[in-house]
Amino acid sequence: MRKKTENWKNNQERGVALLFVLFTLLLISAIAVSLVFMTNTETSVNSNYRLERVSSFAAKAGMEEVRDRMPILSTNAQLPVTVPPLAGSVLYVLNEGGAPGTVQPWTAGNTYMDDELCHDFVGVQPQQPASDVRCTVPPTAAMLVPGTLAAPVTSNYPWSGTTAALPYKWVRVTLKLSNSVQNYPVNGASPTTQVCWDGATEVLLNGALTCQAMVPSTNPVYMITSLASTATGTTRRMVQAEVALSPAQPFPYGLYATGTACPALNMHGNPSTDSFNSKNGGTYAGTASNTLGDVGANGGVSLTGNASVGGAIGVISMLPSPPAAPNPCAYAQGDYTNTPGAGWVPLPGNGLTQIQPQVFPTPPDPVPAPLPGSPVPSNPCVPPVANTTCAVPGTYGAISLSGKQVLSLAPGVYNIYSISLTGNNGSITINPPGAVVLNFPSASPSPISIAGNGIANPTNIPNNFQMNYGGTGTVSIGGNGKSYAILDAPNAAIQVAGNGEFFGRIIGKTIDYGGNGKFHFDKNSALGPQSNGGYNLISFREVTY
């Protein structure tokens with residue numbers, strides 16, 4: 001009887017395990033579905049975040065590419081010289097990837113239409129919308145830099161023109177007006193006033209025709225706007241930067257020695273000076289003048305032999321006046337002109353006014369610092385050119401050329417430990433034409449030694465070949481060629497010899513100028529260089545809408 005009762009109870013519990021199993025399976029299934037849902041959500045979030053970051057960095061990459069290329073664009077007269085909505089005021093650099101013809105920011109309805117321009121400049125469309133409302137009117141064809149429609153400027157980054165190109169679509173370059181950043185005018189002026197850069201802050205064009213013509217000199221501020229978008233168009237990022245060149249302050253001397261020695265500037269043999277102006281395409285043949293080839297020194301100046309100065313001589317003398325013969329440097333503080341037959345004659349009251357000691361900033365050491373054993377250019381040119389080595393911007397060690405060797409430099413900034421050019425036919429040239437800056441470390445005892453045919457600068461603009469050295473070593477320039485360059489080495493001993501011609505400006509602690517060479521002071525080199533090898537980044541922001 002007991003056994004039957006137990007069996008009956010056991011029969012009542014049959015199926016409970018199955019219920020528990022089914023319940024457990026249901027619970028596990030719910031958890032699994034939740035995990036899958038969460039995983040998909042996280043994947044989508046991560047994917048969206050990745051696309052946003054890729055687009056953001058791509059937009060910045062586009063901005064940086066164009067900022068790096070602006071010296072060349074300027075040389076090719078492709079940078080805007082006026083502001084929207086005037087003709088020739090907008091430059092676009094396109095990056096269409098593997099879909100040529102799809103990116104037309106100047107076309108209404110295009111997927112990548114420029115819907116930001118009307119915020120930056122009034123007059124682009126009838127009404128200027130709020131900053132969070134997109135523009136409806138793109139720039140007209142007339143606003144574009146001439147030739148843009150026929151041959152748009154395109155990206156030259158790696159993989160451009162392929163499906164692997166960075167996903168930025170276009171970069172726009174314009175000059176900046178006071179209210180180009182909507183609701184943030186510069187000094188509260190009207191939105192039709194151009195903005196300039198004085199090296200420290202943005203200022204307004206104060207009635208001069210150009211920023212460079214202002215006193216003290218300034219340079220125009222450019223706005224670079226870059227749009228990046230994914231292939232599907234679901235992710236879009238736009239960034240905007242303001243850039244400008246640091247201006248050089250006006251300075252009346254072509255040759256100037258910062259040292260206080262007697263003499264700090266020594267001209268002997270048969271050298272001579274005069275002047276010209278490369279501004280606005282000026283040439284030596286068209287602007288040469290036998291005046292304004294001014295020289296000076298914080299110490300004394302000595303002219304011996306047939307040396308002549310086609311201009312004034314600025315002398316800062318710490319010695320008593322009148323001079324004590326036979327010391328050729330002991331002249332009273334002031335400005336002098338070298339008059340044939342009369343020697344140095346003080347200028348009247350309307351002579352040069354900058355007779356106080358001049359102080360020049362020491363060029364900073366390049367970063368990364370080049371070392372004597374750093375690599376040197378060794379690549380042949382493409383296509384090959386006899387006796388020519390081609391180099392691209394970068395960091396290099398001790399470069400030595402001799403005989404007929406030619407070093408061809410692509411435009412850009414070079415950090416070089418030293419460069420030596422010997423022989424009669426060797427030279428340094430720029431190809432393609434553009435702006436080159438050579439920075440030498442102060443640790444180099446002999447950073448520059450140039451002979452042969454010197455510096456072949458095809459632009460004939462000294463500001464397009466600048467050499468900076470902050471050390472106390474020796475700089476030697478000779479040879480028989482024509483060199484268009486700027487040399488800023490305020491702590492160095494500079495030696496110039498040979499029969500060559502130097503066009504530009506030279507600053508050193510001491511300058512020994514001999515031989516039969518001619519020095520032609522480019523007045524434009526004292527008014528604000530066209531390029532110092534790179535545009536300074538003034539501000540950067542993301543356009544969020």
Side-chain angles (χ1 to χ4, degrees), residues 62-81 91 93 145-148 151-158 160 171 173 212 219-220 222 224 243-248 278-284 366 377 379 381-383 385 388-396 399 406-416 419 427-440 450 453-468 481-488 503-505 522 524-525 527-537:
M63 181 274 294
E64 290 292 355
E65 177 192 353
V66 173
R67 182 164 75 106
D68 184 58
R69 294 175 62 185
M70 284 181 70
I72 300 176
L73 295 171
S74 175
T75 302
N76 295 335
Q78 292 177 290
L79 288 184
V81 295
L91 171 67
V93 177
V145 170
T148 301
V153 178
T154 58
S155 169
N156 60 9
Y157 263 18
S160 62
V171 180
V173 182
Q212 293 91 336
N219 276 323
Y222 289 92
I224 305 177
V243 302
L245 296 174
S246 292
S278 68
K279 186 176 181 179
N280 297 326
T283 64
Y284 178 76
N379 296 326
C381 301
V382 178
V385 180
T388 301
T389 300
C390 283
V392 297
T395 300
Y396 298 98
I399 302 175
V406 175
L407 177 63
S408 178
L409 303 176
V413 179
Y414 295 77
N415 297 332
I416 302 175
I419 188 166
S427 65
I428 301 171
T429 188
I430 307 173
N431 188 30
V436 165
V437 174
L438 305 184
N439 297 318
F440 299 90
I450 298 177
N453 288 323
I455 300 167
N457 181 348
T459 67
N460 290 344
I461 299 175
N463 286 325
N464 281 345
F465 196 101
Q466 300 188 30
M467 297 177 286
N468 303 313
K482 295 182 178 181
S483 298
Y484 288 78
I486 302 295
L487 173 58
D488 284 331
F503 300 76
R505 184 188 73 211
D522 180 12
N524 190 40
S525 69
L527 297 177
Q530 292 183 354
S531 171
N532 64 356
Y535 280 70
N536 298 310
L537 182 63

Rounded to the nearest 0.5 Å, what's the gap from CD1 on Ile419 to CD1 on Ile450? Could you check?
-> 6.0 Å

Side-chain heavy-atom pair Asn156, Glu65 within 4.5 angstrom cut-off = yes

Minimal heavy-atom distance between Val413 and Pro393, with the atoms involved, is O-CB, 3.3 Å

Closest heavy-atom pair and its distance - Ala435, Pro71 | CB-CB, 4.2 Å

Just by distance, do the side chain of Asn219 and the backbone of Leu245 share a donor-acceptor pair under 3.5 Å?
-> yes

Closest non-hydrogen atom pair between Tyr535 and Arg67, with its separation = O-NH1, 2.7 Å

Apply side-chain contact (heavy atoms from CB on, under 4.5 Å) to Ile416 and Ile399, showing your working.
-> CA-CA 8 Å; Ile416 302 175; Ile399 302 175; 3.9 Å; yes

So, do Arg505 and Asp488 sit near enough that their side-chain heavy atoms are less than 4.5 Å apart?
-> yes

Hey, are the side chains of Pro80 and Leu91 touching, using non-hydrogen atoms and a 4.5 Å cut-off?
-> yes

Are the side chain of Tyr284 and the backbone N or O of Phe503 linked by a donor-acceptor pair below 3.5 Å?
-> no

Taking all non-hydrogen atoms of both residues, which atom of Thr389 and which atom of Cys381 are closest, and how far apart?
-> C-SG, 4.0 Å

Would you mind reporting whether Asn464 and Tyr484 have side-chain heavy atoms less than 4.5 Å apart?
-> no

Ile461 backbone acceptor or donor facing Thr459 side chain under 3.5 Å | yes

Between Ser427 and Ala456, is there a donor-acceptor pair closer than 3.5 Å when you use the side chain of the first and the backbone of the second?
-> no

